[in-house]
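Just the heavy atoms: all of them, side chains too, but no hydrogens, waters or symmetry mates, feed the values below. Bear in mind that the values here come from a model prediction, so they are computed numbers and not experimental data. Positions are given from 1 along the sequence.
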Amino acid sequence: MPKMKTKSGAKKRFKVTATGKIKTAQAGKRHGMIKRTTKFIRNARGTTILSDADTKIVKKYMPYAR
């Protein structure tokens, strides 16, 4: 059987933690920063863990990620 392909966009955007959760950058910080509050910008630093529903979707995109 041929190997399944990983979605190129997913491998650039997501990392799998040791416990199997999906880590990603915070959303909403690409543009339009003037209308965002300072509190929003501060809280959106760093990375976040995806919800369980989104994790199921992303794991289908990366079949060989452990």
Side-chain angles (χ1 to χ4, degrees):
M1 289 295 295
K3 292 181 181 178
M4 294 172 65
K5 285 195 172 182
T6 296
K7 292 276 185 182
S8 296
K11 71 183 174 189
K12 295 170 190 171
R13 287 171 172 83
F14 305 109
K15 294 279 183 268
V16 182
T17 64
T19 55
K21 296 177 182 175
I22 303 293
K23 188 169 72 167
T24 185
Q26 293 277 8
K29 291 195 65 182
R30 292 293 181 181
H31 59 88
M33 301 305 284
I34 288 177
K35 67 182 79 169
R36 311 263 194 260
T37 63
T38 308
K39 181 179 178 182
F40 176 92
I41 295 169
R42 185 172 61 247
N43 289 337
R45 282 187 197 142
T47 58
T48 186
I49 301 295
L50 282 185
S51 66
D52 291 337
D54 291 333
T55 297
K56 283 176 68 174
I57 295 168
V58 171
K59 283 194 172 182
K60 287 179 183 174
Y61 295 157
M62 302 191 297
Y64 299 107
R66 293 269 188 283

Legend entry - All side-chain hydrogen bond (donor to acceptor under 3.5 Å, both in side chains) counterparts of T19, not counting sequence neighbours: T17

Legend entry - Residues that S51 engages under side-chain hydrogen bond (donor to acceptor under 3.5 Å, both in side chains), provided they are two or more places apart: D54

[atom1]/[X] to [atom2]/[Y] distance, rounded to the nearest 0.5 angstrom?
X: K7; Y: K12; atom1: NZ; atom2: NZ; answer: 12.5 Å
X: R13; Y: T24; atom1: CZ; atom2: OG1; answer: 8.5 Å
X: K23; Y: T48; atom1: NZ; atom2: OG1; answer: 11.0 Å
X: M33; Y: F40; atom1: CE; atom2: CZ; answer: 7.0 Å

Legend entry - Residues clustering with M4 (ILVMFWY side chains joined when closer than 4.5 Å, directly or via others): Y64

Inset, instruction - Under 4.5 Å between side-chain heavy atoms, chaining through other members, with only Ile, Leu, Val, Met, Phe, Trp and Tyr counted: pull out the rest of the cluster around I22, sorted by chain and number. - result: F14, V16, L50, I57, V58, Y61, M62

Inset, instruction - Please examine the side chains of T55 and K21, heavy atoms only from C-beta on, and report whether any two atoms are closer than 4.5 Å. - result: no

Inset, instruction - With sequence neighbours left out, write down each residue that passes side-chain contact (heavy atoms from CB on, under 4.5 Å) with A25, or none if nothing qualifies. - result: none

Legend entry - Residues forming a side-chain contact (heavy atoms from CB on, under 4.5 Å) with R42, sequence neighbours excluded: T38, K39, R45

